[in-house]
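What's counted below: heavy atoms across the whole structure, side chains too, no hydrogens, waters or symmetry copies. Quick caveat, the model's predicted, so the values are computed rather than measured. Protein chains get the first letters and strands the later ones, always in sequence-line order, with residue 1 at the start of each.
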Number of protein chains: 2
Amino acid sequence: MLMAVHCAECPLRRLPIFDPFSAEDVALMEELKIRETVVEPGATVLDQGSPAPYLFTVLSGMGLRHVRMADGKRQVINFLMPGDFIGLQGAVLEDMGHTIEATTRMVLCTFRRDRFFRIFAQNPQRAYDVVWLAASEEHFLGDALATIGQLPAIERVAWAIAQIHQRALALGLALGDTMPFPYRQQDLADLLGLSLVHTNKTLARLREMDIVVWRNDALHIRDPGQLHRLAGAEIEPARNRPLL
Amino acid sequence: MLMAVHCAECPLRRLPIFDPFSAEDVALMEELKIRETVVEPGATVLDQGSPAPYLFTVLSGMGLRHVRMADGKRQVINFLMPGDFIGLQGAVLEDMGHTIEATTRMVLCTFRRDRFFRIFAQNPQRAYDVVWLAASEEHFLGDALATIGQLPAIERVAWAIAQIHQRALALGLALGDTMPFPYRQQDLADLLGLSLVHTNKTLARLREMDIVVWRNDALHIRDPGQLHRLAGAEIEPARNRPLL
DNA sequence: CGACCTATTGACAGGTTTCAAGAAGTGTGG
DNA sequence: CCACACTTCTTGAAACCTGTCAATAGGTCG
């Protein structure tokens, strides 16, 4: 078993955003973790419509979840960052509702489905954490629906960027107001339900207003105040959460 | 304790869409259920931004979940029907991400938050069911995002109606191709991210095409084939699910 | 009957999409 | 090291879907 990182020394655990592990938690996770998986940019991690034989936690790298529709259109559900838990739908329901794809090279802590669900019998607190994560995801999706359903393009873009920046800050990925952002404009467009062209023009507006500059796979927040005003006050700092 | 319906005789349990209860399950649910709550049309059951001291399962009646935004706009997340489980977000996270409102008079099985989470320690299978429900909700929200983000008005409306009709069929609420539909056009508009006026005109088109007729709080599916074609093949019959 | 909410319809404005073409950046092979 | 293919990003113009405004009709309730 390739296990470059033992859960006891998991670098993510040191981040204050993640709830502390008990010794028992560490032991359980090490028991469940069967290996680390490395995926290259563009690779599909889990496929819409298939069950998930494995569950993953993102150790490093970035990716995205997206739904592919009958006519070929694509809806990005959200972006994946370290600490995100992947595959619950495919493990619990019979199939994944979306596809998971790597954008950069990613390293994934890998759990086997059958072993994973032992936690329900063995460690009720961890089972509760799974519910917490699912509820949190549901909360986010509700906000995303409201944003996409109700706001004009510039506010949608501002919302997405503000949201992503908050997460990056909590993960220590952002250096001040600058953060890595390896996605394409098409990805952001598909996240926000906008055309590529209009997304591009909206980004140009934000650039001219000197609010956000996206250049060379990096996002520079030039005016956080204006950004949050556009995003609607709904952007809260990322809250503490469990890590699996 | 007012307990008009004992879980053992719960009418919902008889529906084939719901997974069977073991004797132990019945006993646990009766222990958790503290009463039935009746709410009148228009009443708020749980409020966005507040914690949920109680969790509910809809016994009868219909309602909706919606997010209210800073500028007063409203995004409906989905419609509530019997068997739906309410309040998980408010119980697990510190606050509800959306408001829950009754559309018709509703009867709600009521669980106290603190007692409810005993199931994690006492009955791992039921805890798994909670995760199943959360994952299922997440699955639905992904589809909703894709629909609202990518499809034109007529397909959005068709999607929503086809989806709702499937659920009503599984719950025995639909008589053939007719089902009760107590909502206002504004509710459907806010669900689909469309204006009221455009929703009205789109419904008129579906009526003229003799695909769907919505009249007197009832929905008549006149041409299921065409409806599903418009909705995109993504409408599957409702799958079996746990009942809490 | 009057007040009020909901549904309907027409006209117009406007945000977004689509179409199209070109620029900029990246990687590969000669 | 340059040429070429390919992807991504930019920009302009026109078409179109959807939103807003406004007025009317229908229904319910006191």
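- Ring orientation note: the planes of Trp159(B) and Phe140(B) are close to parallel, at an angle under 30° on the 30°/60° scale.
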Walk me through whether Arg68(A) and Asp190(A) qualify under salt bridge (charged side-chain N to carboxylate O under 4.0 Å, His left out). CA-CA 11 Å; Arg68(A) 198 159 280 295; Asp190(A) 289 344; over 6 Å; no
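- Listed nucleotides dG12(D), dT18(D), dT20(D) differ in distance to Lys201(A); the shortest reach to its side chain belongs to dG12(D).
- Listed nucleotides: dT18(D), dT11(D), dC9(D). Nearest to the side chain of Ala153(B): dT18(D).
- Each of dT16(C), dG19(D), dA7(C) was ranked by its minimum atom distance to the side chain of Ser195(B); first place goes to dG19(D).
- Taking atom CG on Leu192(A) and atom C1' on dG15(C), their separation rounds to 15 Å, with Å as the unit.
- For Asn200(A), no side-chain nitrogen or oxygen approaches OP1 or OP2 of dC9(D) to under 4.0 Å.
- Closest to the side chain of Leu194(A), from the set dT11(D), dT16(C), dT20(D), is dT16(C).
- If you check the side chains of Thr178(A) and His220(A), you find a donor sitting under 3.5 Å from an acceptor.
- As judged by a 4.0 angstrom heavy-atom cut-off over every strand, Leu196(B) is placed among residues making no nucleic acid contact.
- Rounded to an integer number of Å, the gap from CG of Asp217(B) to C1' of dG27(D) is 11 Å.
- Projected onto DNA chain C by closest heavy-atom contact, Glu208(B) and Thr199(A) fall at different nucleotides, the more 5' of which corresponds to Glu208(B).
- Remark: the Asn78(B) side chain and the Glu137(B) side chain contain an N/O donor-acceptor pair separated by less than 3.5 Å.
- No engagement by Leu203(B) is indicated, since no non-hydrogen atom pair under 4.0 Å with the nucleic acid exists.
- Rounded to an integer number of Å, the gap from Gln185(A) CD to dA24(C) P is 15 Å.
- Atom OH in Tyr183(B) sits roughly 14 Å away from atom P in dA7(C) (whole-Å rounding).
- With rounding to whole Å, His198(A) atom NE2 is found 20 Å from dA20(C) atom P.
- Of all heavy-atom pairs spanning Val45(A) and Ala102(A), the tightest one is CG2-N, 4.4 Å.
- Residue-level contact check: Arg156(B) touches neither bases nor backbone, having no heavy atom under 4.0 Å from any strand.
- In this model, the phosphate group of dC5(C) is not approached by any side-chain N or O of Gln186(B) to a distance below 4.0 Å at OP1 or OP2.
- The CG-P distance, from Leu151(A) to dT18(D), rounds to 18 Å in whole Å.
- Considering only side-chain N and O atoms, Arg215(A) lies nowhere under 4.0 angstrom from the phosphate OP1 or OP2 of dC9(D).
- When rounded to the nearest whole Å, the span between CH2 of Trp214(B) and C1' of dG27(D) equals 15 Å.
- Comparing Ile154(B) and Arg184(A) by the nucleotide of DNA chain D whose heavy atom lies nearest to each, the residue mapping closer to the 5' end is Arg184(A).
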